[in-house]
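Computed from a predicted structure; not experimentally measured. So you know, we letter chains A, B, ... as the sequences are listed, proteins then strands, and number each from 1.
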Amino acid sequence: MVSEALAEVLEEFEAIEDRTQRFELLFDLADDVTELPTDEWSEGNRVKGCQSQAHIDVRVEDGLVHLRGGADARIVQGLMGLLSLGMNGQTVDVARQVTLDIVEATGLLNSLTPSRSNGFRTMYDMVMSTMGEA
Amino acid sequence: MVSEALAEVLEEFEAIEDRTQRFELLFDLADDVTELPTDEWSEGNRVKGCQSQAHIDVRVEDGLVHLRGGADARIVQGLMGLLSLGMNGQTVDVARQVTLDIVEATGLLNSLTPSRSNGFRTMYDMVMSTMGEA
Amino acid sequence: MVDPADFPILSRTVHGNQPLVYLDNAATTQKPAVVIDAMDAYYRHSNANVHRAVHALAGEATDAYEACRATLRTWFNAERVVLTSGTTEAINLVAHGWGRAVLNEGDAIVLTEMEHHSDIVPWQMLAKERGIEVRYVPVLPDMTLDMEAYEASLEGAKLVCVVHTSNVLGVRNPVERIIERAHAVGARVLLDAAQGAPHTRIDVKALGADFLAVSAHKMLGPTGIGCLTITQAAFDEMQPFMGGGDMIEHVSLEGSTYQSNEHKFEAGTPRIAEAVGWKVAMDYLAEVDLEAEHERLLGIARWTAEQLRSLGCTVYGRHGDHDSAVVSFLHPGLHAEDFAHLLDAAGFAVRTGHHCAQPLLHRLGIDSTVRASFYLYNTMAEAEAFIERVTHVLARFGGNA
Amino acid sequence: MVDPADFPILSRTVHGNQPLVYLDNAATTQKPAVVIDAMDAYYRHSNANVHRAVHALAGEATDAYEACRATLRTWFNAERVVLTSGTTEAINLVAHGWGRAVLNEGDAIVLTEMEHHSDIVPWQMLAKERGIEVRYVPVLPDMTLDMEAYEASLEGAKLVCVVHTSNVLGVRNPVERIIERAHAVGARVLLDAAQGAPHTRIDVKALGADFLAVSAHKMLGPTGIGCLTITQAAFDEMQPFMGGGDMIEHVSLEGSTYQSNEHKFEAGTPRIAEAVGWKVAMDYLAEVDLEAEHERLLGIARWTAEQLRSLGCTVYGRHGDHDSAVVSFLHPGLHAEDFAHLLDAAGFAVRTGHHCAQPLLHRLGIDSTVRASFYLYNTMAEAEAFIERVTHVLARFGGNA
Ligand SMILES: Cc1ncc(COP(=O)(O)O)c(C=O)c1O
Ligand SMILES: Cc1ncc(COP(=O)(O)O)c(C=O)c1O
């Protein structure tokens, strides 16, 4: 089971017909990201393969996932918001339930092949591998 | 006016429907070439751009054209035969009447672009330029 | 203008029901049905490998392939036309085929900050390998080349490489003067005409361009083919680039001799169907009044740029009389990538990013732009719809950067 | 066998009313309608430039392009697949990208006398530039490689380049053993599979081939595209070949950094429509039982060879169990070129000449052959008609050499 917050937002996406309105919702999600101050942006937490600047920092403390991030493109930060809803403050077990499909569910990226350098997959992989090490 | 012999043979070609029979006629024309003995084959008289070995030697003596040649492919030598009919033993003026169109008239080479490395154009150019110098 | 109905793709919709408005022409243009049909017909009726074969199909294919070269030779008034896979390979052919044959340690070549990566990276690679000095002509704040710096950079230069028309700015460089000055010091000139060739008929003999690189896909033709025009004098200085079938005269274990014509630089089975398609594209272009189209498209670009400015955007470019209809812009309240996504949501295809011109963007102090680029089938009505959408997007999302 | 009706060209006639019998498959194969239609549909519906763009069309085009790579990766079980313009460019990529990075003066590489010019000339060029020793494995009178000489040639060799299947003889070389011995001395192996790949499914991991070069047009795909498969280990040793758009990570005036995946070797706008077509060709091939086809075609080739011999021809090739269906022959009474013209007159498309393998022909003591090569859509009935025509031609013209 994914977190309630994530499940709710995915339902919201599904209910919206209009692509522009869906982007509006995604833009709003950008505000749900716990900010990673730009002075902490480093090569190590950079999301490679992203056209825009994006950084993400994941820690696991006391079994809970702490996710912070930031991006110059609002859509990218919105996708981080989506991840945050499913992971930030959640147990590793719950966080792990989040799959790549959540982007599909927004209906905004028609398909998520590795070749589309949208960086979401990289972002996702960075988080999962950090949790794997925890 | 091209030579009578050439005009006749071109008419013959025109009268034949069947492509294979036309080749037969062309093969026969190979015998109309005054032989250039292989020991006279040199880089200078080689027909470049021909897939097969072909050599042609042209001289103008007393205003008359003397053409000798040889080729390992019978069709190429047949084309030389065609040239010979129009040029060999003729005056330069008559020989000059021969145009590249005579190959078209055989109906055997659908078109004679420079890219088709059939070498006939080269052969023709070699003869014409020798006559030009005479 | 041409009839958009000639271009099947332009009647499609995207994201469900949004009619496509294709404004990504500087990246690649769409193809008229005649071009698509010609390639289709080639594969259905004449497909064969070219050169050195006597059968009927091979003859037809060879003629079709060489007809493309002949058409390009006439179009560009060129002495030599080598068919390549595109502008990028054409420039690499100059770097390998001419550069390696002529340039030596300590020699200098001149590039500009306005170049596409395809006209920078091959030279950086060669420079590193050979110890060649690369000089870059700066771009001025008015987005033109610093011609004084250019003249100063010429001393001892062997080659000048310059983009005919910038793919980011639309700026058409003063190639006449550039060539004249370069030739005055004995340097050869390579023009990257990937963007210039689609918009204006270029006469390389009149210009004096030693090399001109072009991509078919940016001028109504298929992917996978382009060309390099070469003057006979420069051609004679070149050594082969890639080795293989068709480019040789004779091969033995001891060594090989090469063809003396363009085939010398066309190793392997060439792009036959592509050549067929490109020829038809050139024939289609020949029916277009490119000068009138230039006026019309420039008018659309100027109007668009003006509207964008009035909406608070910064436009990169100046849209001078000979510039192409490319409009690069940014808005302080919306990231370029977000902008492009939101335009796409309503069917407007634009490009965003560094446009393979990072040094230029660096000079402009930015790392991406949104770029709308217009071509023969685009209309003023499309530009108006575009500005309407931009207005809408900025009203709703324009405070988000 | 596949349904010839899938191939539109096969129903055409040549020279008026001669039905086409296409036996020039080793030069290039015909395309099924599904392949032609897929490219057509690409241009009509999805055409856009790939990578780095967010609009719908660009996404579709990028996915389509990368789907070709993914299909090839699976088909060949390869770690890396770089899309090139064909076998020739693939081999040149190894010469420039790997050879220049790894080979130095005094190093040795091993080729064979059976190679196509595309696997000879690039190496001769590099050898001359770098002072590399090229060793050639001789071809024995039975038309196989001299494996003893091969083993002897390996000492100190860094690279072995060998044709998987000869385009002149159809002989399939013992590539398993060749690779095993090469690896034992630490040499990398490049297989030229232009002829092998169309006839049998090659698993590069099982074989251990470091590099494998292939052309789409010889396996039902379009012109202008091919690939090079590369092991990750060899990939890591390579430096970029051509510079330009799409292959870089970052470009500045000071220098550039490159992509870390296959894009590093795919400079410029790639062959997008071609990739679309090739993928569909591979999907079509995947439905064919290639092993059964191999048996069937080899049967046709053996029968044809036998008939030709009984008509007084010399056949070059042995048609062993793994050889491909290529029949090269000569008749003492008719020049190869004349032979081909006379076959063509009745609609039979064969190739004649040196087949871009002059060193092999030199070793065989000849300078051309007539070559009939069979592929999936060819039938025994066609072979019979072919022999009938050959009989007729020889009866009428066979005393003319
Ligand atoms: C064995 C072999 N190698 C290489 C090639 C070259 O292939 P391409 O011309 O498609 O580059 C061919 C085809 O002509 C071939 O038969
Ligand atoms: C100015 C310029 N030069 C070179 C190129 C490279 O062209 P291609 O990718 O077709 O090789 C482009 C297009 O991307 C361009 O706009």
Under 4.5 Å heavy-atom distance to chain D, tell me which part of [X] shows up: side chain, backbone, both or neither.
X	result
Asn49(C)	both
Pro240(C)	both
Ile120(C)	side chain
Glu129(C)	side chain

Please classify the contact between [X] and chain C as side chain, backbone, both or neither, with a heavy-atom cut-off of under 4.5 Å.
X	result
Phe7(D)	neither
Ile272(D)	both
Met125(D)	side chain
Ser252(D)	backbone

Out of [options], which one racks up the most heavy-atom pairs below 4.5 Å with chain C?
options	value
Ile9(D), Asp40(D), Val134(D)	Ile9(D)
Val14(D), Leu253(D), Val121(D)	Leu253(D)
Ala267(D), Ala127(D), Gly226(D)	Ala267(D)
His96(D), His362(D), Gln18(D), Gln30(D)	Gln30(D)
Lys31(D), His341(D), Arg271(D), Glu274(D)	Glu274(D)
Ile36(D), Thr88(D), Val251(D), Leu20(D)	Val251(D)

What I'd like to find out is whether the side chain of [X] reaches to under 4.5 Å of the side chain of [Y], using heavy atoms alone.
X	Y	answer
Asn25(D)	Thr28(D)	no
Asp246(D)	His263(D)	no
Thr352(D)	Val350(D)	no
Met242(C)	Met247(C)	no
Asp24(D)	His55(C)	yes
Tyr136(C)	Pro359(C)	no
His354(D)	Ser368(D)	no

Decide yes or no on side-chain contact (heavy atoms from CB on, under 4.5 Å) for Ile248(D) and Gln358(C), but give the supporting numbers first. CA-CA 11 Å; Ile248(D) 59 89; Gln358(C) 286 180 327; 4.2 Å; yes
Determine the option with the most heavy-atom pairs under 4.5 angstrom with chain D, choosing from [options].
options	result
Ser215(C), Ser46(C), Gly86(C)	Ser46(C)
Gly243(C), Ser118(C), Ala27(C), Pro122(C)	Gly243(C)
Thr29(C), Asp37(C), Asn47(C)	Asn47(C)
Ser85(C), Gly255(C), Ala275(C), Ala345(C)	Gly255(C)
Tyr258(C), Phe348(C), Tyr42(C), Phe241(C)	Phe241(C)
His116(C), Glu89(C), Glu113(C)	Glu89(C)

Can we say Arg12(D) and Glu60(C) salt-bridge, meaning some charged N sits less than 4.0 Å from an Asp/Glu carboxylate O? yes
